[in-house]
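In what follows, a structure is listed as structure tokens, so that the remarks can point back to it.
Below, read A as the first sequence line, B as the second, and so on, with proteins coming before strands; counting in each chain starts at 1. Keep in mind that what you see is a predicted model, and the values were worked out from it rather than measured.
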Amino acid sequence: MNLLQMFSYPFMQRALIAGVLVSLCAALLGVSLVLKRYSMIGDGLSHVSFGALAVAVALGITPLYFSIPVVILAAFWLLRMAGRPHWNSDAAVAAMSASALALGILVISRTTGMTTDVDNYMFGSVLAMSPTDVGLSVALCAAVLVLFLRYYHKLFAVTFDESFSRATGLRVDRYNTLLAILTALTIVLGMRMMGAMLISSLVIFPALTAMRLFNSFRGVVICAAVTAVVCFCAGLTISFAFSTPVGATVVVADLVLFLLSCAASALRRR
Amino acid sequence: MERNELIVCRDVSLGYEGQSVLTHLNLTIQAGDYLCVVGDNGSGKSTLLRGLLGLLAPQSGEIWRAEELRRGAVGYLPQQTRAQRDFPATVFEVVLSGCLNRPGTRFFYSAAQKSEALMNMGKLGILELKDQCYRDLSGGQQQRVLLSRALCAASRLLILDEPITGLDPAAAQDLYKTLSYLNEKEGMAVVMVTHDLKSALRGARTVLHIGRSSLFSGTVADYLASPQGRRFREAEQ
């Protein structure tokens, strides 16, 4: 039996656990990010994460220890920029992603050269998850779930209307910072399996799909979480069966579901 | 300090990054007031609201706010953002979020908060929209939803930033009627920034006109007789 055989490999078990958890976190955070018009931030952060990874490898540091703080700093900076009226935050994100990518490529070309490792950073590999990564993913996912449930109503208020929330005494900046840190962690952890170029789709697609189908915030959050997990499992299985790259396969699964949801909502509006 | 004063500004200057937008402003808002803030674009009306809400610290002078306002008990109706127009949330979810400033909201809203939200929705006639999606409503209905949410947050002061932007004339009239009702029957103080002088002045009792060089503050009758008000009257004729 093909499916059972698939999970007899330890690396597949690790990929499944870590992937499901990271997809779940990305989807929950993604609902807020997409609704706040911060979709590009996920993309920007993954590029920064790639740059940081390249530098860490060149310096001989464990990649995670270096890239996690760098990406968190970048997330802080991007959210600050997004809040400023005189700044074009679109442009800030675009400039930052391109610069980080360029820096990463420069460092790689002067040190290791374009090896399969680099290819894996860019486009992901199912073999990338070590037992430590799985442990980190479990911890991250637990943190995201606890914080999300604990502050669910406040996150809703801050996502829907920052000015009103601020006026009624909510500490909006604190929730934005929390969102930034958790997003940064999710992206760094998910990046090596999904690939720097593809990880941001885990943040964006489930939220977009859910927004087509549901009319309540709660419905959207639940649907996004379910969509993310289903798409990841489907993508991983297909990638194993047909030997396709896991990151790209998961993204295509997400895309297919998104297109179906568009069709469903178009039919409903008729 | 008298008990029914909600906000007192003494010789206040407000602005951003060292540049003052408003200078030497004296203003008192008392319980039950209905103040209409008018003025040209860029004259600092929204800046003033941010100051009154406590979101912007004055560069000089003092803004005194009553104890209950400092705890966040102020109803604010901000200008709608682009992101809100296609936001997937039910009317009930949006209105309930106005109750968040109460202490003790943990994982769930309490039954008291839910019934307060329902009561405020009833007051504005949107009870039957409870489970509808916010993005499917008309502009006037959306404004009512946001006003219900503001009522959940506050019992004494409503601050509105250009509430009729994007509303058709009938919906705007409805909104003014509702505001007058809340002001007269429930003693709610109302501070409103608006461009729509003619209708707004019908309900308001006092006017603050912020000009590029001059400030006017007084009753509606005084305002219409003042140089700033005369310019408006001439434009009307």
Side-chain angles (χ1 to χ4, degrees), chain A residues 30-39 82-87 89 145-173 175 206-224 261 265 268-269, chain B residues 16-17 46 49-50 52-56 68-84 86-103 105-109 113 130-137 145-146 149-150 152-154 157-159 161:
Chain A
V31 172
S32 260
L33 291 174
V34 168
L35 287 172
K36 280 162 94 80
R37 299 290 191 270
Y38 290 169
S39 309
R84 292 227 180 133
H86 302 298
W87 257 80
S89 66
L145 281 179
V146 168
L147 290 170
F148 199 87
L149 288 176
R150 172 71 180 78
Y151 295 115
Y152 169 80
H153 293 300
K154 289 179 180 162
L155 279 176
F156 168 75
V158 170
T159 307
F160 183 72
D161 195 337
E162 275 196 17
S163 324
F164 178 84
S165 305
R166 237 184 261 274
T168 48
L170 279 189
R171 304 222 169 84
V172 172
D173 294 326
Y175 295 103
L208 285 180
T209 304
M211 280 166 65
R212 292 286 171 295
L213 297 177
F214 282 83
N215 279 335
S216 69
F217 188 71
R218 191 192 311 189
V220 169
V221 166
I222 294 171
C223 173
S261 74
S265 83
R268 206 168 41 179
R269 264 161 219 269
Chain B
Y16 302 97
E17 290 163 10
S46 295
L49 288 197
R50 288 174 59 82
L52 294 179
L53 286 164
L55 301 179
L56 186 68
E68 66 227 76
L69 300 188
R70 258 174 270 167
R71 284 197 307 268
V74 53
Y76 178 40
L77 191 77
Q79 292 185 31
Q80 284 213 49
T81 60
R82 205 161 47 103
Q84 275 168 17
D86 62 345
F87 202 98
T90 62
V91 168
F92 197 41
E93 281 178 315
V94 173
V95 176
L96 263 176
S97 72
C99 297
L100 271 179
N101 59 349
R102 303 301 152 75
T105 308
R106 299 230 168 234
F107 291 95
F108 300 104
Y109 289 109
Q113 286 170 326
K130 181 172 167 267
D131 295 318
Q132 290 223 18
C133 186
Y134 180 80
R135 61 185 165 190
D136 297 337
L137 304 180
V145 172
L146 297 184
R149 178 185 64 164
C152 285
L157 175 63
L158 272 180
I159 294 185
D161 196 353

With a 6.0 Å cut-off (strictly less than), is the heavy-atom count around CZ of A:Arg218, excluding the residue itself, greater than 12?
no

Looking only at A:Thr159, A:Val31, A:Asp161, most heavy-atom pairs under 4.5 Å shared with chain B are made by A:Asp161

Pair count under 4.5 Å, heavy atoms only, with chain A: among B:Leu96, B:Leu55, B:Asp161, highest is B:Leu55

One option among B:Asp86, B:Ile159, B:Leu77 has the most heavy-atom pairs under 4.5 Å with chain A, and it is B:Asp86

Taken to the nearest 0.5 Å, the spacing of A:His153 NE2 from B:Gln113 CD works out to 9.0 Å

Looking only at B:Asp136, B:Leu53, B:Val94, the option with the highest number of non-hydrogen pairs under 4.5 Å against chain A is B:Val94

Cut-off 4.5 Å, heavy atoms of chain B, and the answer for A:Phe214 is backbone

Interface check, chain A: of B:Gln79, B:Gln80, B:Gln132, B:Gln84, most non-hydrogen pairs under 4.5 Å belong to B:Gln84

How are the rings of A:Phe160 and B:Phe87 set relative to one another: parallel (under 30°), tilted (30 to 60°) or perpendicular (over 60°)? perpendicular

Whatever's closer than 4.5 Å to a heavy atom in chain A on B:Arg50 counts as neither

Assert top hit (heavy-atom pairs under 4.5 Å, partner chain A, pool B:Pro88, B:Gly54, B:Pro78, B:Ala150) equals B:Pro88

| Is A:Arg166 close to A:Asp173 at the side-chain level, that is, under 4.5 Å between some pair of heavy atoms? | yes

- Do the side chains of B:Ser97 and B:Tyr109 get nearer than 4.5 Å, heavy atoms only? yes

Hey, are the side chains of A:Val221 and A:Phe148 touching, using non-hydrogen atoms and a 4.5 Å cut-off?
yes

*A:Glu162 side chain to A:Lys36 backbone, donor-acceptor under 3.5 Å*: no

So, the part of B:Val91 with a heavy atom under 4.5 Å from chain A: the answer is neither

Would a 4.5 Å heavy-atom cut-off, applied to side chains only, mark A:Phe217 and B:Thr90 as touching? no

| message | Working note: A:Val34 + A:Leu208, criterion side-chain contact (heavy atoms from CB on, under 4.5 Å); need CA distance, chi angles, decisive distance, verdict. | response | CA-CA 8 Å; A:Val34 168; A:Leu208 285 180; 4.1 Å; yes

Highest number of heavy-atom pairs under 4.5 Å with chain B among A:Ala157, A:Ala210, A:Ser163 belongs to A:Ser163

Cut-off 4.5 Å, heavy atoms of chain B, and the answer for A:Leu170 is side chain

Whatever's closer than 4.5 Å to a heavy atom in chain A on B:Tyr134 counts as side chain

Honestly, the part of B:Asp131 sitting under 4.5 Å from a heavy atom of chain A is neither

